[in-house]
Number of protein chains: 2
Amino acid sequence: MVKPATPDTPETGRGEQTKRLIVDTAVRLFRDQGYDKTTMRGIAQAAGVSVGNAYYYFPSKDHLVQQFYATVQEDAAAAVAEALAEPGPFDERLRVALTGMLETMTPYHAFAGKFIKTAVEPGSPLSPFSAESEPARERSIAVLRQVVEGATTKIDAELKPDLPELLWLGQMGITLYWVHDTSPDQAKTRLLIERAVPLIDRLVTLARMPGLKSVTREALKMYRLLK
Amino acid sequence: MVKPATPDTPETGRGEQTKRLIVDTAVRLFRDQGYDKTTMRGIAQAAGVSVGNAYYYFPSKDHLVQQFYATVQEDAAAAVAEALAEPGPFDERLRVALTGMLETMTPYHAFAGKFIKTAVEPGSPLSPFSAESEPARERSIAVLRQVVEGATTKIDAELKPDLPELLWLGQMGITLYWVHDTSPDQAKTRLLIERAVPLIDRLVTLARMPGLKSVTREALKMYRLLK
DNA sequence: GTCTATAACACGATAGAC
DNA sequence: GTCTATCGTGTTATAGAC
């Protein structure tokens with residue numbers, strides 16, 4: 001805590017600046033040229049540093065991609081935070097969150113195919129379930145928690161605490177669909193959200209009903225056991 | 001059709017023999033050493049051909065992996081076919097199919113992590129949704145169709161035609177979970193199947209009930225629209 | 001601790017000769 | 001159809017400079 005006062009800017013140390021420079025350059029190149037055409041040599045050159053220096057800060061190319069991922073996640077969360085400030089019906093809020101995410105990710109659809117490739121590899125730092133991804137994951141779940149907690153809809157008390165995480169899993173599924181969606185402008189994914197939101201809304205409502213209460217309880221028990 | 005009679009053995013042409021030799025060698029090495037440690041140079045050398053020759057028959061290393069995948073799928077299908085010959089309760093049959101698949105895949109759990117990496121890449125020939133994977137995919141769905149059609153349980157008429165494909169999607173989800181399952185001997189995945197099967201069974205039964213009939217219909221409409 | 005410069009390695013993939 | 005030689009890549013190693 002000897003460091004002088006730099007309250008807002010995250011880090012201003014000598015090394016931190018270089019690190020930032022490398023990340024920013026990498027993100028820009030990924031965006032402009034895609035994953036494959038962006039080489040470590042290219043990143044280093046464009047950033048004006050040596051290849052060795054890039055590896056001094058990032059153990060692999062994948063770790064650079066992760067920064068890119070975190071950036072997008074942060075943008076998505078920020079984009080919808082305002083729209084979710086006031087309470088409202090559950091389905092409306094869920095639609096806002098999901099479409100907000102989709103809009104933020106849209107420019108990177110082509111890139112996402114390469115990204116997901118390393119993201120699904122078990123043990124990869126890019127995995128949405130990895131320890132390294134925890135900040136980004138928590139950020140996303142926080143948005144969905146906001147969706148649930150600001151909902152005027154009645155939600156089953158047993159389901160409620162787990163619902164944000166379950167919605168996040170659903171969001172991962174939608175993302176998986178989106179990555180593979182070859183329809184123009186990813187129209188099918190938009191349709192998926194449009195259709196899935198009312199369905200989820202109905203299922204959440206139905207979960208409280210006598211005939212389904214036991215199924216809900218069983219499913220939740222299974223989820224908690226296996227997560 | 002000038003070729004002489006070779007009814008049983010698929011192909012006996014000069015090139016076909018080389019192709020088979022390369023595939024068999026590759027599959028063996030994948031099984032023994034895993035994905036990363038099996039190099040194209042290693043495959044070529046072990047098969048007694050040149051690297052260029054291997055690439056003459058297979059456009060990429062991934063295409064060789066696909067052959068490996070197809071082999072495993074075929075084994076899994078064969079393993080459960082007998083057990084599903086006689087009709088029985090839906091849940092029992094589903095459990096047989098899912099555990100059969102799991103047992104067949106178990107020796108390749110370590111390998112699967114690398115496999116999935118390329119399998120999820122959009123446009124990859126290894127994708128379970130790709131045209132190249134159609135034979136293996138159809139083979140898997142056929143097993144689940146057998147599960148449904150030999151079931152003594154009452155199944156909603158509207159749901160029934162789509163159920164095999166839906167179960168296959170669920171199976172893909174279980175596989176995804178399995179790949180990331182680090183519990184000893186993948187115990188959690190076994191638990192998942194044990195718990196999920198009765199749940200699915202109950203949901204299939206409930207789908208016919210008056211209160212849920214409309215939700216079922218909506219969900220099916222969405223599925224058909226988006227597949 | 002931060003950084004450069006350059007070479008070297010092993011790999012997947014390709015080119016072009018025979 | 002089959003080969004050898006070579007390319008471009010991620011990554012590592014070396015040897016040092018500020």
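Here is how names work: the chains are called A, B, and so on, in the same order as the sequence lines, proteins then strands, and each is numbered from 1.
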Ring pair (Phe, Tyr, Trp, His ring centres under 6.0 Å) involving B:Tyr108 - partner list, sequence neighbours excluded: B:Phe68

Comparing B:Val51 and A:Lys19 on DNA chain C - which has the more 5′ nearest nucleotide: A:Lys19

Okay, side chain of [X], backbone of [Y]: is any donor-acceptor separation there less than 3.5 Å?
X        : Y        : answer
B:Ser127 : B:Ser124 : no
A:Gln66  : A:Pro125 : yes
B:Arg95  : B:Ile193 : no
A:His180 : A:Leu176 : yes

Pairing of B:Arg190 and B:Glu103 as salt bridge, 4.0 angstrom limit: yes

Within 6.0 Å of CD in A:Glu138, more than 12 heavy atoms from elsewhere: yes

CD/A:Glu132: more than 12 non-hydrogen atoms of other groups inside 6.0 Å: yes

Over-ring placement of A:Lys61 relative to A:Tyr35, 6.0 Å and 45° cut-offs: yes

Sugar-phosphate only, base, or nothing, as touched by B:Gly52 at under 4.0 Å among non-hydrogen atoms: base

Degree of bending in the helix from C:dG1-D:dC18 to C:dC18-D:dG1 once both end axes are built from five pairs, to 10°: 10°

Of residues 54-64 of chain A, the positions that come close to DNA chain C - non-hydrogen atoms, cut-off under 4.0 Å: A:Tyr56, A:Tyr57

DNA chain D-proximal residues of residues 34-45 of chain A, any heavy atom under 4.0 Å: A:Thr38, A:Thr39, A:Met40, A:Arg41

Heavy-atom contact window of chain B on DNA chain C, given 5' to 3' at under 4.0 Å: C:dC11 to C:dT14

A:Asp181 and A:Ser183 side chains, donor-acceptor separation under 3.5 Å: yes

Distance-only side-chain donor-acceptor flag, B:Thr106 / B:Gln186, under 3.5 Å: no

Pairwise side-chain contact, B:Thr25 with B:Leu21, heavy-atom cut-off 4.5 Å (strictly under): yes

Sequence neighbours excluded - ring-ring contact (aromatic ring centres under 6.0 Å, His included) pairs with any residue from residues 115-142 of chain A: A:Tyr69-A:Phe115, A:Phe129-A:Trp168

